[in-house]
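Each chain gets a letter, A, B and so on, in the order the sequences are listed, and its residues count up from 1.
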There are 2 protein chains.
Amino acid sequence: MAATAQTDPAGATPSKGSATRAAILERAVDLASVEGLEGLSIGRLATELEMSKSGLFAHFGSKQELQLAAVEAAAERFRQTVIEPAEAAPAGAARLRAMADAYLDHLESDSYSGGCFWGAASADYDDRPGPVRDAIAAALDLWLATFEQQLEQAGVEQADRVAFELYSVVMGANSRYRLSRDRRVFDHARATVDRLLADGRSATV
Amino acid sequence: MAATAQTDPAGATPSKGSATRAAILERAVDLASVEGLEGLSIGRLATELEMSKSGLFAHFGSKQELQLAAVEAAAERFRQTVIEPAEAAPAGAARLRAMADAYLDHLESDSYSGGCFWGAASADYDDRPGPVRDAIAAALDLWLATFEQQLEQAGVEQADRVAFELYSVVMGANSRYRLSRDRRVFDHARATVDRLLADGRSATV
DNA sequence: CCTACCGATCGGTAGG
DNA sequence: CCTACCGATCGGTAGG
């Protein structure tokens, strides 16, 4: 399932059009992480990509379709950088630690100019009803459910509450690092993840 | 130190102008909690207050001054609803619990149409350098330092890390509630606050 | 994928 | 606190 799956038939060589579309979406995700998904403007995106506004617009048909495609592209990026590499680790605590480490390492490496897309997008859209908000909420609900499932596998009690704590702490690290530029928040977040996973295991003994 | 302190001389009767200004700022804080502090538009704010755009504009001189005044008004609101009532409780764990309860109770009561101003404003401005970002960062740094100070009074080890956890969990409750409308996040957040404060105390025995 | 355009709205100003 | 404006930019369309 590559990023071009929606525009090219399975097995086909990606067309030039879908390569352009993928490049637009990569940039859209990065820009939205900085400006927010609503503040993302078609004109500005076109200027940065050195193409005409209407040329870019033709790929999507409306700003909302562009936003929905950007949410899907960001979800694909999250799967590739956080979820799938961690699936090499055994289910349960080890896999959760791998997910948290991959997420925090990416934040700390400053690979993304605007930090976490989901932190920016969820705050921007949480009070704007409609399909964009629903797509963001569905992605985050899925990852919370993934955390909860792995916590249950690890034998942690109150897995739903601990999943909320894990989510809060890694997102809190993103938020605090954006504002303070103090890397110690990553140490705090990693120590908290360690403690949550260790507490859970000792509780089952 | 009332909200009118900046426009009226100390002890003077608040003028009609400063009453209008205060009403503008109340609405600006509520609107910014929904639309973000950048998405807040002078035209829309004027329409909602049934006054002309330039009439409203005359109170501030620029959009940035309006945003800075809204940040200050939101800080005053936070002090009045969360910080000051908790100062009736003894310093340390009891005061922290009172602050967390006041914050979570206000979120759960849906008093604010857009949830927490600081969650929306910090995500919106964390990547926009300038005085607005600096004012938001300073307010949040102050409250984090307040939490840390009370944790030290309570004899909690690693007070800076636990302050980060407290911050992350109450902000996480705001974020999750905005998206899921599931009130169980407040139970999770309260249970986490209880555990953080209880762990800290037992660690000192 | 382009040029050329539309009505609406943005922040801000002139002058009262 | 108002009316009447300004240039810039917004999302979107026509026509190629």
Side-chain angles (χ1 to χ4, degrees), chain A residues 4 7-8 14-29 31-32 34-71 121 124-125 128-133 135, chain B residues 4 6-8 13-29 31-32 34-71 121 124-125 128-133 135:
Chain A
T4 54
T7 44
D8 296 315
S15 67
K16 190 181 174 189
S18 70
T20 302
R21 184 186 149 101
I24 293 169
L25 290 175
E26 286 301 298
R27 198 72 157 229
V29 170
L31 248 179
V34 175
E35 316 263 346
L37 198 48
E38 182 66 17
L40 176 68
S41 103
I42 294 166
R44 166 119 192 245
L45 188 54
T47 301
E48 293 212 0
L49 288 159
E50 294 182 302
M51 63 189 291
S52 73
K53 202 176 73 169
S54 63
L56 189 156
F57 195 84
H59 283 275
F60 304 97
S62 72
K63 183 176 179 179
Q64 183 171 283
E65 288 301 321
L66 167 64
Q67 291 170 316
L68 290 169
V71 170
D124 199 10
Y125 260 88
R128 300 180 200 266
V132 176
R133 187 201 117 106
Chain B
T4 54
Q6 294 181 315
T7 43
D8 295 316
T13 304
S15 67
K16 189 182 173 188
S18 70
T20 303
R21 184 186 149 101
I24 293 169
L25 290 176
E26 286 301 299
R27 197 72 156 230
V29 170
L31 248 178
V34 175
E35 316 262 346
L37 198 48
E38 182 67 17
L40 176 68
S41 103
I42 294 166
R44 166 121 191 244
L45 188 53
T47 302
E48 293 212 1
L49 289 158
E50 293 182 305
M51 63 189 292
S52 72
K53 203 176 72 169
S54 63
L56 188 155
F57 195 84
H59 284 275
F60 304 97
S62 72
K63 182 175 178 179
Q64 183 171 285
E65 288 301 319
L66 167 63
Q67 292 170 315
L68 289 168
V71 170
D124 200 8
Y125 260 88
R128 300 181 201 265
V132 177
R133 187 201 118 106

For nucleotides 9-12 of chain D, print each protein N/O atom paired with a nucleotide N/O atom at under 3.5 Å, atom names and distance only.
{"residue": "D:dC10", "atom": "OP1", "partner": "A:S41", "partner atom": "OG", "Å": "2.7"}
{"residue": "D:dG11", "atom": "OP1", "partner": "A:K63", "partner atom": "NZ", "Å": "3.1"}
{"residue": "D:dG11", "atom": "OP2", "partner": "A:I42", "partner atom": "N", "Å": "3.1"}
{"residue": "D:dG11", "atom": "N7", "partner": "A:K53", "partner atom": "NZ", "Å": "3.0"}
{"residue": "D:dG11", "atom": "O6", "partner": "A:K53", "partner atom": "NZ", "Å": "3.2"}
{"residue": "D:dG12", "atom": "OP2", "partner": "A:K63", "partner atom": "N", "Å": "2.6"}
{"residue": "D:dG12", "atom": "O6", "partner": "A:K53", "partner atom": "NZ", "Å": "3.3"}

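Under the Watson-Crick or G-U wobble criterion, with both distances below 3.5 Å, D:dT9 is paired with C:dA8. Pair check for D:dG16 finds C:dC1; Watson-Crick or G-U wobble, both atom distances under 3.5 Å.
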**Prompt:** Can you list the steps and then say if A:I24 with A:F60 is a side-chain contact (heavy atoms from CB on, under 4.5 Å)?
**Reply:** CA-CA 10 Å; A:I24 293 169; A:F60 304 97; 3.7 Å; yes
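Atom CZ in B:F60 sits roughly 18 Å away from atom C1' in C:dT13 (whole-Å rounding). The distance between atom CG of B:L56 and atom C1' of C:dT13, rounded to the nearest whole Å, is 16 Å. Distance, A:E50 CD to C:dC1 C1': 15 Å, rounded to whole Å.
For B:R128 (side chain) and A:E35 (main-chain N/O), a donor-acceptor pair under 3.5 Å exists by modelled atom type. Although no hydrogens or angles enter the test, the distance criterion places a donor-acceptor pair under 3.5 Å between the side chain of A:Q67 and the main chain of A:L37. Distance alone, capped at 3.5 Å, places no donor-acceptor pair between the A:K63 side chain and the A:F57 backbone.
Between A:L66 and A:L25 there is a side-chain heavy-atom pair separated by less than 4.5 Å. A:E65 places none of its side-chain heavy atoms less than 4.5 Å from the side chain of A:H59.
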